[in-house]
Amino acid sequence: MKILGIILLSFFIAPTTFSQAFEKGANYITLSFGIDPYGKANKYNAGHGYKHISIGPIILAYEHGITDLLGIGRIGVGGAVAQSFYTSKSYYTNQNYEYKSNRSRTSLALRAAYHFDFGVEKMDVYAGVGGALHFITDTYKTDNPFDPNYGYSRRSVSGGPSVFGGIRYFLTKKFGLYGEAGYDISALNGGFVFKF
């Protein structure tokens with residue numbers, strides 16, 4: 001019975017003896033590449049041979065630990081900037097005209113996350129919410145001189161909430177890898193995390 005008591009007590013004491021992966025006062029920078037099924041280039045006069053290519057988003061994010069242990073974790077706040085590019089191309093075989101549509105999206109996000117303290121020294125599991133603004137530039141070009149959108153260009157702004165979750169694993173005290181998923185700047189992204 002005494003041994004069982006010592007084992008149970010160690011579960012409550014152990015988390016305080018580890019150097020935590022996420023700490024109050026620490027700063028975290030992540031650099032990642034994401035997959036974004038939410039965005040695409042406008043599909044004007046798609047015709048035949050439609051092709052769509054997405055690049056990014058490429059994401060740079062910052063987070064700062066602002067609380068000590070609250071419940072089973074700590075809170076961090078920060079922001080992110082991301083850049084995405086989308087291209088679509090189509091043509092009409094009977095007219096021999098090509099149509100190209102390009103979109104670039106720059107996203108600015110504010111985020112807050114709760115980092116769970118499982119007592120694992122190198123691992124950081126978190127979930128959070130936030131919001132983002134997306135600055136979008138659309139261009140449309142065709143070699144068809146009779147198309148009313150011959151040299152179309154437009155800028156717009158959109159925004160919305162985000163929900164995300166992820167995991168970081170530190171290979172050293174200052175450097176690690178991470179992956180994240182959710183309805184956010186991207187559906188899935190992963191890359192490097194730096195702690196200082």
Side-chain angles (χ1 to χ4, degrees), residues 5-39 54-84 104-136 156-196:
I6 292 171
I7 291 171
L8 289 173
L9 185 60
S10 71
F11 280 104
F12 295 102
I13 294 174
T16 62
T17 62
F18 285 105
S19 172
Q20 298 301 320
F22 190 86
E23 300 174 295
K24 178 183 178 181
N27 300 291
Y28 302 82
I29 291 179
T30 56
L31 177 62
S32 65
F33 190 81
I35 298 170
D36 182 18
Y38 309 129
S54 296
I55 300 173
I58 300 164
I59 305 167
L60 179 65
Y62 168 79
E63 187 176 19
H64 180 74
I66 62 168
T67 69
D68 285 317
L69 199 62
L70 290 175
I72 58 168
R74 296 169 177 80
I75 296 174
V77 296
V81 60
Q83 185 65 54
S84 304
S104 68
R105 186 181 76 175
T106 303
S107 301
L108 300 176
L110 292 176
R111 300 168 21 127
Y114 188 79
H115 296 258
F116 299 93
D117 185 350
F118 296 128
V120 180
E121 187 176 6
K122 297 179 180 181
M123 186 176 70
D124 175 20
V125 178
Y126 60 93
V129 295
L133 285 175
H134 308 290
F135 301 88
I136 300 165
S156 61
V157 179
S158 65
S162 60
V163 179
F164 57 89
I167 184 169
R168 298 170 180 162
Y169 189 81
F170 286 86
L171 304 173
T172 71
K173 288 184 178 181
K174 302 292 185 182
F175 171 76
L177 303 173
Y178 91 100
E180 189 176 288
Y183 185 80
D184 195 35
I185 295 172
S186 72
L188 184 67
N189 68 84
F192 307 104
V193 56
F194 304 90
K195 178 180 178 181
F196 61 98

Got a second to check how far [X]'s [atom1] is from [Y]'s [atom2], nearest 0.5 Å?
{"X": "Lys195", "Y": "Glu23", "atom1": "NZ", "atom2": "CD", "result": "3.5 Å"}
{"X": "Asn27", "Y": "Phe194", "atom1": "CG", "atom2": "CZ", "result": "14.0 Å"}
{"X": "Phe22", "Y": "Phe116", "atom1": "CZ", "atom2": "CZ", "result": "12.5 Å"}
{"X": "Glu121", "Y": "Tyr169", "atom1": "CD", "atom2": "OH", "result": "9.0 Å"}
{"X": "Leu177", "Y": "Arg168", "atom1": "CG", "atom2": "CZ", "result": "12.0 Å"}
{"X": "Gln83", "Y": "Ile185", "atom1": "CD", "atom2": "CD1", "result": "11.0 Å"}

Of all the heavy-atom pairs spanning [X] and [Y], show the shortest one and how long it is.
{"X": "Arg111", "Y": "Ala80", "answer": "CD-CB, 4.5 Å"}
{"X": "Ile167", "Y": "Tyr126", "answer": "N-CE2, 3.8 Å"}
{"X": "Ile75", "Y": "Thr67", "answer": "N-OG1, 2.9 Å"}
{"X": "Phe33", "Y": "Gly56", "answer": "CZ-N, 3.5 Å"}
{"X": "Tyr114", "Y": "Ile72", "answer": "OH-N, 3.0 Å"}
{"X": "Ala113", "Y": "Phe164", "answer": "CB-CE1, 4.2 Å"}

Any side-chain heavy-atom pair of Pro57 and Asn189 under 4.5 Å: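 Side chain of Pro57 against side chain of Asn189, heavy atoms only: no contact under 4.5 Å found.
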
Would you please test Arg74 and Leu69 for side-chain contact (heavy atoms from CB on, under 4.5 Å) and show each step? CA-CA 5 Å; Arg74 296 169 177 80; Leu69 199 62; 3.6 Å; yes

Residue pair Phe196, Ile29: steps toward the side-chain contact (heavy atoms from CB on, under 4.5 Å) verdict: CA-CA 8 Å; Phe196 61 98; Ile29 291 179; 3.6 Å; yes

Check whether any side-chain N or O of Asp117 sits under 3.5 Å from a backbone N or O of Gly119 as a donor-acceptor pair, and report yes or no.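 Side chain of Asp117 to backbone of Gly119: a pair is present.
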
Surrounding CZ of Phe175 (heavy atoms of other residues, nucleotides or ligands, distance under 6.0 Å), is the total greater than 12?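 More than 12 within 6.0 Å, yes.
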
